[in-house]
Amino acid sequence: MIEKEINSNPEVFSVLSQYPKWLSMIIEAIDKPILDKSYCPEVIEIFDQYGLLAGKIHGLSSYECIRNTLKTLKALKMKFIVAGLVPMAK
């Protein structure tokens, strides 16, 4: 179903087709259960097509990376990390 929605939206598909790993992660996430309203991740990181953009740790410390304002933003990805379940960097 989500594949149909992504494929039927030319703008979304044109961006995601450049990032097949992101597309597969989105399709995989659709089948997962909805998070509980009380869910609160330990770390939130936001990426764009150039890499890490910003993040926040334990709701206290935040960080961001400098971007050239002439670069066009095409895609955003968010990563939520729960205590004890920190994924290894690849």
Side-chain angles (χ1 to χ4, degrees):
M1 182 173 143
I2 187 70
E3 287 181 74
K4 211 182 245 189
E5 291 176 27
I6 290 170
N7 290 335
S8 66
N9 185 323
E11 188 176 354
V12 170
F13 183 74
S14 70
V15 172
L16 287 176
S17 65
Q18 297 173 38
Y19 306 95
K21 186 174 179 181
W22 287 20
L23 178 57
S24 67
M25 290 170 68
I26 290 168
I27 292 168
E28 182 182 314
I30 291 302
D31 295 330
K32 294 186 178 179
I34 296 173
L35 296 173
D36 187 84
K37 289 181 183 178
S38 64
Y39 172 76
C40 184
E42 297 291 324
V43 178
I44 300 171
E45 289 186 322
I46 304 168
F47 297 82
D48 64 8
Q49 70 269 24
Y50 305 109
L52 180 65
L53 187 61
K56 191 165 193 167
I57 302 172
H58 302 291
L60 302 172
S61 301
S62 58
Y63 49 94
E64 60 186 66
C65 298
I66 297 170
R67 286 287 185 269
N68 180 339
T69 56
L70 299 177
K71 289 185 176 180
T72 304
L73 177 65
K74 292 183 181 177
L76 280 178
K77 170 185 163 186
M78 295 183 76
K79 179 171 74 172
F80 302 98
I81 303 172
V82 180
L85 300 175
V86 179
M88 299 293 289
K90 294 183 180 179

**OP:** Sequence neighbours left out, what passes side-chain hydrogen bond (donor to acceptor under 3.5 Å, both in side chains) with S38? Give chain and number order.
**Re:** D36
**OP:** Using the salt bridge (Lys or Arg N to Asp or Glu O under 4.0 Å) rule, collect all pairs that involve residues 52-68, keeping only residues at least two apart or in two chains.
**Re:** D48-R67
**OP:** Report yes or no: do V43 and L52 belong to one cluster of Ile/Leu/Val/Met/Phe/Trp/Tyr joined by side chain heavy-atom distances under 4.5 Å?
**Re:** yes
Original post:
Among all residues two or more places apart in sequence or in another chain, which pass the side-chain contact (heavy atoms from CB on, under 4.5 Å) test with Q18?
Top reply: K74
Original post:
Do the non-hydrogen side-chain atoms of L53 and F47 ever get within less than 4.5 Å of each other?
Top reply: no
Subject >> Non-neighbouring partners of K37 that pass salt bridge (Lys or Arg N to Asp or Glu O under 4.0 Å), sequence neighbours left out >> reply: none
Subject >> Interatomic spacing from OG in S62 to CD1 in I44 - rounded to 0.5 Å >> reply: 11.0 Å
Subject >> Y63: ring-ring contact (aromatic ring centres under 6.0 Å, His included) partners, not counting sequence neighbours >> reply: none
